Structures are given as C-alpha cells and as structure tokens.
Participant: 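One structure coming up, written as structure tokens, with questions to follow.
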Amino acid sequence: MASIPETSTALVFKAFNEPLILEKTSPPTSAPAGAALVQVLVAVIRPHYREHFAGRGFLQVPPMSIPGHACIGRILAVGTDAVSLRPGQLVFAHGFVAARDDPVNTGVLFGLHRANGQGTEQAGVLFNHWKGFWQDVNTVPLETCIALDEDRLMGKLHYGLDDLIYLDRLSVAYGSISSARLIAGQIVIVAPATGHYSGAVAEVAAQIGCRVIALARNADKLKPLTSRHSNVTAVQLTGDRAEDVATIRGLLPLTNAAGADAFIDVSPPQATGNSNHFDIGLEVLRPGARALLTGALQTVTIPYFNLMCRNITIIGKWMFTRQEMDAVARMVEAGIIKLGKEAGHEHVGGGFKFEEWERALIVAEETLEWGRDVMFMPSASALSVS
C-alpha cells in the first residue's frame, strides 16, 4: 500500500507579480468524510498561468492559494463514507466541484477560478476550502476522483502518467459533446479548433464517430489533427461570410444538405468583437440543430427570428458532470478514445518538478497548440503500489 509521506511540498501563489513560494508542510495522516487524500503524480499546467499570476488573466486565480486544477494521482486514504474508492487506486482527480448543499447554482474550479456564473460570494467559499494540485499530497472531494483501470491503461495500452493527464482536456471536450447530444454519424461544426480545448472537442467528436468541420483562420494549424482523423475537415475562414458559408455547405453530404447537426463554439475571450466564425456556425445549422456555447465570448449578436424559425436550441455548457468525466475514462480504457503519440499528443518539457516552476510556466505559455501539453510530475517515480 502506498504510504503517506512525512512531508509535502506545495507551490503557493502569495501575491501578484511575485515569485511562487515552495512550502514544506506535514500532510494530513487521514482523509475526512467526503474526501480522499491523494498523492499527486502529474498535474496540469495551463498556458495562461503566468498571465493569471500577473493579475491579467481572464480566470480569477486569487493570491494566497495553491494553483493547479487537475491531476493523475494515487489514493493514500479515504474518508469513512467512501464506498468505492480505496487506498492504492490510480485516479483522475479534477478541481471542478459543486457545492453539496447547492449543486445546481454553485460550482467552482478550485486551483484555477474563484468565481462562477453567480459571482464570487458563494463560489469563493468553496474555492477557499479546497486547495489546488500543485502540491504532492492533496485532499480532494470524493466526487471529483475517478478511479482508473491501471492494469488496462498502463499495462495493456502502454500509456504513461503523462498520457493520462490528457483526460483533463478530454473531459471538458466531452462535456460539450454530451450536452450537444452528438451521436456517431452526425456532423458538427467546431470553431475555433486549434487550441487546447477546442482541438480536443474536434478530436473527441471524431473518435466517437462524428464528422467534424473545424473552422480556423489558419488551416495549416489543423494539419496535426486532420492528418490523424480522416473525419475531421479543416476550413480556412476568408473573412467573406458568403464565401465561407458556401464552402461549408459544399462539404455537407446530400443526406445533410439542410445543414450540420450541431455547432460548438469554443471561442477565447480575445475573439470578442471579431466573431465572424460564430455567425457562420449558426448559419450552417439545419432546422432543429443545437448550438453549444462553451467558450468565453463576452458579447455576441444572434439572428433571433432566424434561429426561432429554424427551431435551433442554444445551450450553455460550463465544464462537465461527474458522469461525463467517468464516461471519458471508460472510453479511453475501452480504446475508443486514443491517447499519447498514437493520438498525436506531445508532452513538452518531459514533466517538471515543482522547483522548476519558473521554467515550466514559460514553456507552458509558449505551448498553445492542440495536442501539446506541459505538466508537473512531482511524484512520477510512484507509478505503482508498493
């Protein structure tokens, strides 16, 4: 059984525009009810953390917190109310948690974002309670831990811990795909599709059997994706709306001549005010289709009457449910969704120690493309239960 270490190291964000602080503490010796004590083996580093730590980020990462919103880890202890999770299990743990006494209205991304659609008051309470994953031992809500079939994933499929952390992106992507009610054989427009999460939406939709039309201002950036998935087609937007709409419609088969089944928008906040792709995505939908909003545009204008007449359903999606998170893990275990080199994924930097945080953040800031990621690996030697 994996043992609880005597000391734990954490990276603490104490003030804007100040260096992160490495702190040594004595970790808990048990897990409270409702939680698991997890040894962090691999933790996600987003490209925008340096921006957040300078106070310029779109997401609200407050000072006096431990960052890091997702990890692959090993359970060291569980609370007395745990009925399935056990010490020694490999898990995918995420910081997206809902308040247990208000799950519909209050959710937060601990380690990354202190607010939600309701503001910071209630979400802040939740954020302050749970700590992020940039520490080698962390207490995590039971409901955000998904047990992984280690023998299958690492034994038969030969994935490494660095491959498995991609579950973070896949879960966000599948949350959108699930909410858009996509099934194999349907056609989905994804825009844009060159980034971490937008590209993941395109690859997951392709791997579950959808035909994907991926929109981008530079189609060359989509070649790593289109070269591996024959059912992903890239369309380079020209800025001429009529021409771009005609190009997309020319790609639709006769069986879908009326339009695509769904449009998933994954726009970054920087696209606000320059969202021609959004208008195009709505225009090429068939009657009865779905438009899924999961990006960060601040404002858009929609053709109200046109959408009403076509019975278009507009859906907002923030992250994912536990069921969607679990479904992604099971699809990866089944081999439906691929990871690692076979899937075109690249782990930049090889995994950093917490002591290398300055270099890690710089590398992550420069790693913006689909399929590429940067991570901390504070406990990478602990690959299996001893």
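The model shown is predicted, which means the values in this text are computed figures rather than measured ones. In what follows, every heavy atom counts, from backbone to side chain, and hydrogens, waters and symmetry copies are set aside. For reference, positions follow the sequence shown, starting with 1.
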Participant: Would you say that Val108 contacts Val97 through its side chain, given a criterion of any heavy-atom pair below 4.5 Å between the two side chains?
Facilitator: yes
Participant: Side-chain contact test, heavy atoms from C-beta onward, threshold under 4.5 Å: evaluate it for His94 versus His69 and give yes or no.
Facilitator: yes
Participant: Side chains of Asp168 and Tyr197: closer than 4.5 Å at any heavy-atom pair?
Facilitator: yes
Participant: So, taking the atom named SG in Cys309 and the one named OH in Tyr304, what distance separates them when rounded to the nearest 0.5 Å?
Facilitator: 10.5 Å
Participant: Could you tell me which non-hydrogen atom of Pro268 sits nearest to which non-hydrogen atom of Leu297, and how far apart they are?
Facilitator: O-CD2, 4.0 Å
Participant: Please lay out, stage by stage, how Trp370 and Ser198 fare under the test side-chain contact (heavy atoms from CB on, under 4.5 Å).
Facilitator: CA-CA 8 Å; Trp370 165 80; Ser198 57; over 6 Å; no
Participant: For the residue pair Ala147 and Gln89, what are the closest heavy atoms and their distance?
Facilitator: CB-NE2, 4.0 Å
Participant: Are Asp220 and Lys223 close enough for a salt bridge, meaning some N to O gap below 4.0 Å?
Facilitator: yes
Participant: Any chance you could lay out the side-chain hydrogen bond (donor to acceptor under 3.5 Å, both in side chains) test for His277 and Asp244, step after step, and finish with the verdict?
Facilitator: CA-CA 9 Å; His277 63 278; Asp244 292 336; over 6 Å; no
Participant: Please check this pair: side chain of Thr238 against backbone of Asp240, looking for a donor-acceptor N/O pair closer than 3.5 Å.
Facilitator: yes
Participant: Enter the distance from Thr367:OG1 to Asp373:CG here, rounded to the nearest 0.5 Å.
Facilitator: 8.5 Å
Participant: Below 4.5 Å, heavy atoms only, C-beta onward: do Leu109 and Met319 meet side chain to side chain?
Facilitator: yes
Participant: Under a 4.0 Å threshold between the charged nitrogen and the carboxylate oxygen, would Asp261 count as salt-bridged to Arg286?
Facilitator: yes
Participant: Is it true that Arg74 and Glu150 make a salt bridge, defined as a side-chain N closer than 4.0 Å to a carboxylate O?
Facilitator: yes
Participant: Could you tell me whether the side chain of Asn306 and the main chain of Pro303 form a donor-acceptor pair under 3.5 Å?
Facilitator: no
Participant: If Ile, Leu, Val, Met, Phe, Trp and Tyr residues are connected whenever their side-chain heavy atoms lie under 4.5 Å apart, and connections chain through other members, are Ile315 and Leu282 in the same group?
Facilitator: no
Participant: Of the options Trp134, Phe58, Trp357, Phe376, which is the one that meets Tyr49 in a ring-ring contact (aromatic ring centres under 6.0 Å, His included)?
Facilitator: Trp134
Participant: To the nearest 0.5 Å, what is the distance between CG on Leu252 and CD1 on Ile187?
Facilitator: 5.5 Å
Participant: I'd like to know if the side chain of Gln135 and the backbone of Gly132 have a donor-acceptor N/O pair within less than 3.5 Å.
Facilitator: yes
Participant: Looking at every non-hydrogen atom in both residues, tell me the closest pair between Leu251 and Arg211 and how far apart they are.
Facilitator: O-NH2, 4.2 Å
Participant: Hey, are Arg322 and Glu143 close enough for a salt bridge, meaning a charged N less than 4.0 Å from a carboxylate O?
Facilitator: no
Participant: Report yes if the side chains of Thr9 and Leu22 come closer than 4.5 Å at any heavy-atom pair, otherwise no.
Facilitator: yes
Participant: Main chain of Ala219, side chain of Gln236: is a donor-acceptor contact present, judged purely on distance under 3.5 Å?
Facilitator: yes
Participant: Run Leu182 and Ile264 through side-chain contact (heavy atoms from CB on, under 4.5 Å) and show every step you take.
Facilitator: CA-CA 11 Å; Leu182 283 170; Ile264 299 179; 4.1 Å; yes
Participant: Do Glu324 and Lys317 meet the salt-bridge criterion of a basic N to acidic O distance under 4.0 Å?
Facilitator: yes
Participant: When rounded to the nearest 0.5 angstrom, what is the spacing between CZ in Phe110 and CD1 in Ile66?
Facilitator: 11.0 Å
Participant: Report yes or no: does Arg152 contribute a side-chain atom to a donor-acceptor pair with the main-chain N or O of Glu333 at less than 3.5 Å?
Facilitator: yes
Participant: Do Phe96 and Phe320 make the cut of ring centroids closer than 6.0 angstrom?
Facilitator: yes
Participant: Ignoring hydrogens and angles, tell me if any N or O in the side chain of Asn138 forms a donor-acceptor pair with the backbone of Leu37 under 3.5 Å.
Facilitator: no
Participant: Is there a path of hydrophobic side-chain contacts, each under 4.5 Å between heavy atoms of I/L/V/M/F/W/Y residues, joining Leu237 to Val188?
Facilitator: no
Participant: A side-chain contact here means heavy atoms from C-beta on lying under 4.5 Å apart; do Cys71 and Val40 qualify?
Facilitator: yes
Participant: Under 3.5 Å, is there a donor-acceptor pair linking the side chains of Asp162 and His345?
Facilitator: no
Participant: Tell me the closest heavy-atom pair linking Val61 and Phe13, and the distance in Å.
Facilitator: O-CE2, 3.2 Å
Participant: Under a 3.5 Å distance rule, please check whether His196 uses its side chain to pair with a backbone N or O of Arg372 as donor and acceptor.
Facilitator: yes
Participant: Should Val204 and Ile337 count as side-chain neighbours, where that means a heavy-atom distance under 4.5 Å?
Facilitator: yes
Participant: Roughly how far, to the nearest 0.5 Å, is the CG atom of Asn218 from the OG1 atom of Thr194?
Facilitator: 8.5 Å
Participant: CG of Asp163 to NZ of Lys338: how many Å apart, nearest 0.5 Å?
Facilitator: 13.0 Å
Participant: Are there over 12 heavy-atom neighbours, none belonging to Arg290, within less than 6.0 Å of that residue's CZ?
Facilitator: yes
Participant: Applying the 4.5 Å side-chain criterion to the ILVMFWY set and letting contacts propagate, would Leu112 and Phe352 be lumped into a single cluster?
Facilitator: yes
Participant: In plain terms, say whether Arg359 and Glu356 are close enough for a salt bridge, that is, a side-chain N and a carboxylate O under 4.0 Å apart.
Facilitator: no
Participant: Checking side-chain hydrogen bond (donor to acceptor under 3.5 Å, both in side chains) for the pair Thr294/Ser176: CA distance, chi angles, key distance, verdict?
Facilitator: CA-CA 7 Å; Thr294 190; Ser176 299; 3.3 Å; yes
Participant: Would you say Leu90 and Met375 are hydrophobically clustered, going by side-chain heavy atoms of ILVMFWY under 4.5 Å?
Facilitator: yes
Participant: Before giving the answer on side-chain contact (heavy atoms from CB on, under 4.5 Å), spell out for Val212 and Asn231 the whole-Å C-alpha distance, their side-chain angles and the decisive distance to 0.1 Å.
Facilitator: CA-CA 6 Å; Val212 180; Asn231 48 344; 5.8 Å; no
Participant: Answer yes or no: is there a donor N or O on one side and an acceptor on the other, between the side chain of Asn17 and the main chain of Phe53, under 3.5 Å?
Facilitator: no
Participant: Does His158 use its side chain to pair, donor to acceptor, with the backbone of Gly155 at less than 3.5 Å?
Facilitator: yes
Participant: Compare every heavy atom of Phe354 with every heavy atom of Asp136, then report the nearest pair and how far apart it is.
Facilitator: N-CE1, 3.7 Å
Participant: Counting only N and O atoms by type, is there a donor-acceptor contact under 3.5 Å from the side chain of Asp81 to the main-chain atoms of Gly34?
Facilitator: yes
Participant: Any side-chain donor paired with an acceptor under 3.5 Å for Gln122 and Asn105?
Facilitator: no
Participant: Given side chains that start at C-beta, do those of Leu148 and Ile72 come closer than 4.5 Å, heavy atoms only?
Facilitator: yes
Participant: Is it true that Glu283 and Arg310 have a side-chain N and a carboxylate O under 4.0 angstrom from each other?
Facilitator: no
Participant: Could you walk me through whether Gln323 and Asp326 pass side-chain hydrogen bond (donor to acceptor under 3.5 Å, both in side chains), step by step?
Facilitator: CA-CA 5 Å; Gln323 291 72 26; Asp326 183 76; over 6 Å; no
Participant: Would you check, one step at a time, whether the test side-chain contact (heavy atoms from CB on, under 4.5 Å) holds for Leu153 with Val332?
Facilitator: CA-CA 8 Å; Leu153 291 169; Val332 171; 3.7 Å; yes
Participant: Measure across Ala31 and Val78 and return the closest heavy-atom pair with its distance rounded to 0.1 Å.
Facilitator: CB-C, 3.7 Å
Participant: Under 4.5 Å between side-chain heavy atoms, hopping through other hydrophobics if needed: is there a path connecting Leu293 to Val201?
Facilitator: no
Participant: Would you call Lys341 and Glu346 a salt bridge, taking side-chain N to carboxylate O under 4.0 Å as the test?
Facilitator: no
